[in-house]
Structure formats: C-alpha cells, structure tokens
There are 2 protein chains.
Amino acid sequence: MKISELSRTTGVPVASIKYFRRQGLLPAGKATAATLAEYGQEHVQRLRLIKALTTLGGLSIAAAREVLTAVDQAHSTESALGAVSYALPVPVAESPVGDADREAETGSAAEAEVEALIAAMDWQMPGTSPHVQGLTAALRELKRLDADYRPGELVAYAELARSAARLDLDRAATFDDDPVSLAEQAVIVFALSAPVLELLRRLAQEDQVRRRIAGGKPEPDTE
Amino acid sequence: MKISELSRTTGVPVASIKYFRRQGLLPAGKATAATLAEYGQEHVQRLRLIKALTTLGGLSIAAAREVLTAVDQAHSTESALGAVSYALPVPVAESPVGDADREAETGSAAEAEVEALIAAMDWQMPGTSPHVQGLTAALRELKRLDADYRPGELVAYAELARSAARLDLDRAATFDDDPVSLAEQAVIVFALSAPVLELLRRLAQEDQVRRRIAGGKPEPDTE
C-alpha cells in the first residue's frame, strides 16, 4: 500500500509516519520509484505499536526507539523477553539533595531494604539491574517523606507483583514463536499492561474507599 | 525559618520554592516584614511532597496542584481518600482514529468488557468514574493491537489489584487522624506506591525471564 493508505488504515497522519521513519522507529517501505514506497502489513502493526507505546505506554520517542531496537535485534524467545524487559524505561526518583548525613542514611537503609526483599523473595538478578536501582531510589524517596513500608508490607506487595509477573509471562509466551513478533508481544504485555494493572488498582481503591464510607468497614475478606 | 534555610533543609532551590509559591502548590509563609516570610515544618513536609509527586509520581505541576487542592479541602478521613483518589491523573490512551467501523466495534467491546469485569468483581462505582473510562480506553488500545485479554485473565489481574488496594487502604488508614495530613498520606500511598508496585512487578518479570532462560520452566508454584 502507499503511504496515504497506510495513514488511512492506522489513523496516523502522513507527517507522523514520515517523522517516525526519520527517527528510526519505523522500517523503510519497499522503494517502487524515486519518491514512492510500498508499505505492508508489518508497517501497519509496527505503527500501531509505536502509537500504543507513546500514548498508553507513556514512552518518549527516544525510549520507544530503544525498545523497538531491542525488539528487532531479538534472536531467541528468551533473549527477546530479557531485552525488552531491560529496554523499558524505569520510573525514577530524583537524585539525592538536602542534608548530606540524612541522605547517606536513607540511601544505605533503602539499599539494605531492597537487598533483604530480593533475598526473601529468592529473586535472581544482578545488583546492576535497572529495576533494583529504580526500587532503591523509590524507597529512598519514600523515606525522605517518612513514609516507609512497615516490616512485611513490602513482601506482601512483592508477592502480588510475582503473581502478576507470572500472568504476564504466561500471556507473552502463548504468542508467536518468531522472536521479533514475540518481542512485539512482550512489549505489549510488559509496557502496556502496566497502565492496565494500575487502572485496576485504582478501581479497586475507589471501591474500597466507597465501601469504607458506606459501612465504616471493608467487605469481609473472602480469599 | 527563612526561605534560605527551607531550601537547605529540603534541598529545593530557592527559585523553585518561589515558583511553587506562585503556582499555588505551597502555602505562603508567615510575613515578618515586607519582603521576609517565616516558614515552618508544614512547609518542609509540603515541599517534600511536591518534589516526590513531580519526580517519583511523574505528575505535572498542574496535576500536582489539583491533588494538593484536594488535600487541603479534605474535611473528613473518607472524603480525603475519595478526593485524592479522583484527583490523581489517570493513564490515558489516545482518542479513536483510523477505520470508523472497526473503531466503533472495539469501543463497544471494551465497554462491555469493563462492565462485565466490574460486575464480576462486585465493584461499586459510577460509570462516570475516571478509572472506568481510563480502563475502557486502555482495553480499546490493546484491542487495536489485537492483544486482547483472554477470558478470565482480566479477572485474575483484578483480583491481584484488589489485594493491592486493600494493602493500600490499610496503609493509608493507620496514619494520622487530621484530614489534611491523612490526605497527604493518601497521596503518598496512592500516587507514590504505583511506581513501587510497578518496579516490584518488573523485578519479578526479570526473575521469571531469567528462570525460564535457565531452566526452560518457571519455578514450581508454591502458593
């Protein structure tokens, strides 16, 4: 199809398609003349993915490019999952500021907390993992607000996170066997399911708040 | 304390403090002379909260202001929780584009899916809830990518979300009784715990991927 039809099919304006091409997010079409190119179904799918990443996923163009590069370099199922998991941006807290002594204290306390959690969960990962560093920074930010997790609370959340990750991996693994299309599905499951879980949690919070207003107590725990 | 000391204590530059004042995020200090104001512990706490919201929480200045306005208007424990829950920004997907027939189809399918989920979970909330609308938009975006949840999958995630929300509410409820400080804690629990749960999930995903690479299978489910 021509670029105009690609635009019509996906709802992405021609100017945006050209922009994504220049930014290296979308592969070139097959040149049919000096100024004409032919696009296929893989361009439709890739454009939908770019749109979803940059809207629902909240990724910048640069972050989306990094994720899509990892997708295109995927050569096996598992390396695809690993590469995508590392390429996704990590929520970050600001670097330390203010009172230096207090900062050093909250910093090492947060590190110890993350280390203990990873041991308690029997999670296997290097200390250089961006997720380890991200969690350490987040806990540190909460310590600055005197809003630490109480003992056991973080493990309780981590157990829920483990259950969610198992659902995620099962979801990703049922898709295609071709590494690139598996990696595309991994992006969908990893990057685009984060807002869905967050929205479900917000709905559940809203329900809990309403129940507590109505009855003063939440519904009995039936699990 | 003077503005210079407030800056030193919190690590927030004087220019940023003045900006937050002008933007209505930080209440005025007590005027002690025409150009001097005295700041107290409540300003320290509020500045830390603003910083955490706009960095870890990823909120814009406008969104942070809306949340903090809800905090300051809180007059009871439960209304504080409700107001904060509604004031927080919702992850959003782009509005419909492309093929009109397909759009109408994915739109009503997503609405039906959310309705069925809310009924299955026995959640109490109006259809006008921003979270209902946000989830509908997110599912629609996934449908555009042909990445629907399979039957039962969404409920499985929703059960996890409900457990997380219970932990959240218990966390928020153990804090102070004063509505404004409770609302501040609710902001911390609701807005700043979202990245923590997401990071825990990313850690768990990383662990799962590594286990599957190593053994071809995840560890046995021990729950």
Side-chain angles (χ1 to χ4, degrees), chain A residues 9-11 48-49 51-52 55-56 58 78 81-82 85 91 93-94 97-99 123-125 129 131 134-135 138 141-142 144-145 147 153 156-158 160-169 188 190 192 194-213, chain B residues 9-11 48-49 51-52 55-56 58 78 81-82 85 91 93-94 97-98 123-125 129 131 134-135 138 141-142 144-145 147 153 156-158 160-169 188 190 192 194-213 218:
Chain A
T9 307
T10 57
R48 290 202 173 119
L49 189 57
K51 240 180 37 165
T55 58
L56 184 59
E78 308 299 2
L81 294 177
S85 148
E94 209 170 52
V97 280
D99 182 315
W123 276 342
Q124 306 179 354
M125 59 209 34
S129 158
H131 309 130
L135 183 62
E141 190 74 41
L142 288 170
R144 287 196 192 111
L145 290 160
E153 260 180 347
Y157 281 105
L160 296 176
R162 168 145 67 191
S163 301
R166 285 196 183 122
L167 290 174
D168 295 338
L169 269 276
I188 293 172
F190 289 172
L192 301 182
V196 171
L197 182 62
E198 173 57 12
L199 283 160
L200 289 171
R201 182 195 199 174
R202 297 280 292 274
L203 280 166
Q205 287 171 344
E206 187 179 343
D207 173 69
Q208 291 278 312
V209 168
R210 199 160 274 125
R211 283 178 193 273
R212 292 190 188 207
I213 292 175
Chain B
T9 307
T10 58
R48 290 200 173 119
L49 189 57
K51 239 181 35 166
T55 58
L56 183 59
E78 307 299 0
L81 295 177
S85 147
E94 209 170 52
V97 279
W123 277 342
Q124 308 180 355
M125 60 209 35
S129 157
H131 310 130
L135 183 62
E141 189 77 39
L142 288 169
R144 287 197 192 108
L145 291 160
E153 261 180 348
Y157 281 105
L160 296 176
R162 169 147 64 193
S163 301
R166 284 197 183 121
L167 290 174
D168 294 338
L169 268 276
I188 292 171
F190 289 171
L192 301 183
V196 171
L197 182 62
E198 174 57 12
L199 283 161
L200 289 171
R201 183 194 198 175
R202 297 280 290 276
L203 279 166
Q205 287 171 344
E206 186 180 343
D207 173 69
Q208 292 277 313
V209 168
R210 199 159 274 126
R211 283 176 194 274
R212 291 190 188 208
I213 293 175

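Throughout, a chain's letter reflects where its sequence line sits, starting with A, and its residues are numbered from 1.
- Taking B:Leu135, B:Leu142, B:Leu203, B:Leu160 one by one and counting their heavy-atom pairs under 4.5 Å with chain A, the maximum is reached by B:Leu203.
- A:Trp123 is listed as a side-chain neighbour of A:Arg162, based on a closest heavy-atom distance under 4.5 Å.
- Side-chain atoms of B:Tyr157 and A:Val196, non-hydrogen and from C-beta on, never get closer than 4.5 Å to each other.
- With salt bridges taken as basic N to acidic carboxylate O contacts below 4.0 Å, one links A:Arg201 and B:Asp168.
- Contact annotation for B:Gln205: both backbone and side-chain heavy atoms come within less than 4.5 Å of a heavy atom of chain A.
- Here B:Ala194 is the residue among B:Ala156, B:Ala194, B:Ala158 with the most heavy-atom pairs under 4.5 Å with chain A.
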List the steps, then state whether side-chain contact (heavy atoms from CB on, under 4.5 Å) holds for B:Glu198 with A:Glu198.
-> CA-CA 8 Å; B:Glu198 174 57 12; A:Glu198 173 57 12; over 6 Å; no
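- Among the candidates B:Arg48, B:His131, B:Met125, the residue making the largest number of heavy-atom pairs closer than 4.5 Å to chain A is B:His131.
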